[in-house]
Amino acid sequence: MESSSGPALSDCLKLLRGERDEQRLAGLLLATKFCNGEDKDSVLKVYGAVGDRFLDRLLMTGMGKGEAGAKVVEDREAYLKLAITVLAAFCRVPEIASSKEMVSKVPVVVEIISKLQDPLILEECYEFLLLVAGASENGIIIFYKTGVLEMLAPHIAGLNDGSRALELVMKLLQIVLNKLPGGSLDSECISGLSSLVVSIARQFGVLHNALKFDALHLLTFLLSSKSTLLHGALVSIPVSAEKLQALLLAESVMSVLGEHWLLEQSKLYDVHDTLPVDKNLLLVLESARVEVAVILNELAYLKYEASDSSTASAEVMRLKRQNLAISYSLIEKIIKLISNVSDSEGLPIKESTITKAINGLNETINLVLDFLQDSKDHGQRRGDDLLASVRLVGSYLAETPFACKEKAQGLLEFMFSVEGEDESSPFHSICFLLPMLCQITMEIDGCKVLASFGGHTTVIECLVKMILQHGASVEDTDLALLACETIINFLIKRKDLAIKLGGSQLVHLLRALALWTEGWNDPSIVMMAAGICTLAFDSTSEGFLLKYPDFDSNILESLAQLIARSLKQEELSNPTIGQLDLHQIIQDGYSQWVDQFPHVRNVVEQALST
């Protein structure tokens, strides 16, 4: 930076004090060299020389509100950028930022933000607002005036993840909201607060950096405030009218604070007319259910009946799928909440409320199954909306596996075939159905349904894929164990089903289990994998397996060690009931096929003798 005593500053001040606007504009351009906040005296001299009236005229001209000729109209954007740049630079000096002249410009700058898209101008606008808000009480109070927050809120929702503008606005909101007055606020400010909650919630839902925690902090403050006025703003003004945004907010908060947040709402506000938790739960569920019903109907129309296949129509489809995902996610969380509450002692909600919720969920799952049936009838099996629908069905039927039984089982084969937009073959759909599959395959009828279309082999392929993708460190152990449980249920009943696994498929399964359990000591994994091996060995022999090029003595050794570990009593210190059952299955199975596997017998006998 040039010295404040140098000729350049003198020339700049002389231009700024000139009589013609051209001189002052040239002076302002030169002034940007001195207005970086490091040389306070220089900034004050420049600000004093330019005068607030000229800054106002420049700002209004840049906004298109001043009288101007053709040349000025052509340069309007440049004038606006210069005005905002200089204002932000001046406000790096707290004495200027706290002045009434700068405070009075806050509504004007907020209006500029609401109308412009230029990221550089927007950054400097937010920097100006942040500096003014942080400089004085008056700089904060101006944000509570009519229309300011209401104009600002919608723009915040669209800021890009990782942008400096978003970083600045988060800091701004922390300052503004922490000083929220307890007294009366006009209706437009209350409306602005409501819109602000929705905008922050949208950012919270998409952020993937440290700002996500800032968004959560702001949401927590707004939602847990004991201010009666703020409570009223959140439950009775535009948020309740913008149902989908309200559902997004609820889903976002539950993602971080847990499903039980929905049952704790009555404790957050110090008012007498709080909503009982039972009604609160049903209200959120019913709102989500209505959205699902409407969106599924609209999606079906756009896919199979509408003639418009334009880019605009594709964008409408994208938004509807996005909104469907929000409602689905919220319903999944409520399913989990009801399941946890039903299993706990001392129900926090009435049994009649749980019954109503379950009846509503049954209706919604039936609608989702109808949507899937419609897709099947039209030969459509690819799409993230279809995959999300399978996930919701799987989540619910995992808790109530025989709900919508006939319709769900009739669509099971189709659900196995559903692919996401980015998948080359079905995988996630099978993963989403595993919690349900391990329930229905406990009964012979469920196994028959699965076997009727070869679903058991698909589950085996799914488990093999999980293991081969990650080796011994399977990404989702719980999911892999569900696949194992489903396979064990099926293998136990295979003789009643008169179905035999193919040799190559059996080899692929055994190779994957050997890879997965190598070096593992987790009893759940060891017992589950050994259980599958034991049941699979009953239908083959050591000599038969070794004929396959993909199955060698090293794999056989790994499986033998696995069986040996599962049979040793010390592996079962404090066993679960499921592990005891598996231990019995392994013992009984081993005794039946041991003569067909001499190497395994040698390894087991040696292990048990030590």
Side-chain angles (χ1 to χ4, degrees), residues 387 390 394 412-413 415-420 422-438 441 447 450-451 453-494 497 499-520 522 524-540 542 544-563 566 582 586 589:
L387 188 60
V390 172
L412 192 57
E413 181 178 4
M415 288 192 283
F416 266 52
S417 72
V418 168
E419 301 173 0
D422 298 327
E423 289 187 291
S424 58
S425 61
F427 175 68
H428 288 102
S429 56
I430 295 97
C431 293
F432 293 151
L433 292 169
L434 284 174
M436 176 198 72
L437 294 173
C438 74
T441 51
C447 290
L450 195 62
F453 62 91
H456 60 294
T457 63
T458 306
V459 173
I460 291 173
E461 291 166 2
C462 179
L463 175 62
V464 170
K465 186 173 183 178
M466 284 186 218
I467 296 170
L468 294 183
Q469 281 180 341
H470 303 282
S473 57
V474 171
E475 189 174 49
D476 193 333
T477 301
D478 290 339
L479 201 60
L481 291 175
L482 287 172
C484 289
E485 191 171 343
T486 302
I487 294 168
I488 286 176
N489 289 342
F490 191 88
L491 291 175
I492 289 173
K493 304 173 185 68
R494 69 192 183 285
L497 297 167
I499 289 177
K500 190 174 182 179
L501 292 179
S504 60
Q505 187 175 54
L506 185 61
V507 166
H508 290 153
L509 174 60
L510 294 174
R511 287 182 70 243
L513 293 174
L515 172 64
W516 185 28
T517 56
E518 190 70 39
W520 268 99
D522 185 326
S524 298
I525 294 175
V526 169
M527 298 303 294
M528 200 71 79
I532 293 177
C533 286
T534 300
L535 293 168
F537 281 179
D538 191 40
S539 61
T540 185
E542 192 173 292
F544 179 80
L545 291 174
L546 288 171
K547 290 179 180 178
Y548 281 84
D550 293 335
F551 193 96
D552 56 28
S553 58
N554 292 327
I555 296 172
L556 183 62
E557 175 67 19
S558 295
L559 296 176
Q561 293 291 345
L562 174 65
I563 298 294
S566 70
L582 284 170
I586 296 166

Measuring from atom [atom1] of [X] to atom [atom2] of [Y], what distance do you get when rounded to the nearest 0.5 angstrom?
X	Y	atom1	atom2	value
S417	F453	OG	CZ	9.5 Å
I487	R494	CD1	CZ	13.0 Å
T457	L501	OG1	CG	8.5 Å
S558	Q561	OG	CD	8.0 Å
F490	I499	CZ	CD1	4.5 Å
L582	I532	CG	CD1	9.5 Å

Residues at least two apart in sequence or cross-chain that pass side-chain contact (heavy atoms from CB on, under 4.5 Å) with C533, listed by chain then number, are L510, L513, L559, L562, I563

Taking [X] for the side chain and [Y] for the main chain, is one N or O donor matched with an acceptor at less than 3.5 Å?
X	Y	value
T540	F537	no
S566	A530	no
E423	G420	yes
K493	I488	no

After noting the C-alpha distance and the side-chain angles of M466 and C431, does the key distance pass the side-chain contact (heavy atoms from CB on, under 4.5 Å) rule?
-> CA-CA 10 Å; M466 284 186 218; C431 293; 4.1 Å; yes

Given side chains that start at C-beta, do those of [X] and [Y] come closer than 4.5 Å, heavy atoms only?
X	Y	value
L437	L412	yes
L450	F416	yes
L468	R511	no
L556	L545	no
L387	S429	yes
D478	L482	no

Yes or no on side-chain contact (heavy atoms from CB on, under 4.5 Å) for L506 and F544, after CA distance, side-chain angles and deciding distance?
-> CA-CA 11 Å; L506 185 61; F544 179 80; 5.7 Å; no

Where at least one partner belongs to residues 544-559, residue pairs that pass salt bridge (charged side-chain N to carboxylate O under 4.0 Å, His left out), sequence neighbours excluded = none

Steps toward side-chain contact (heavy atoms from CB on, under 4.5 Å) verdict (L546, E542) = CA-CA 6 Å; L546 288 171; E542 192 173 292; 4.1 Å; yes

List the steps and the verdict of side-chain contact (heavy atoms from CB on, under 4.5 Å) for Q505 and E461.
-> CA-CA 8 Å; Q505 187 175 54; E461 291 166 2; 4.0 Å; yes

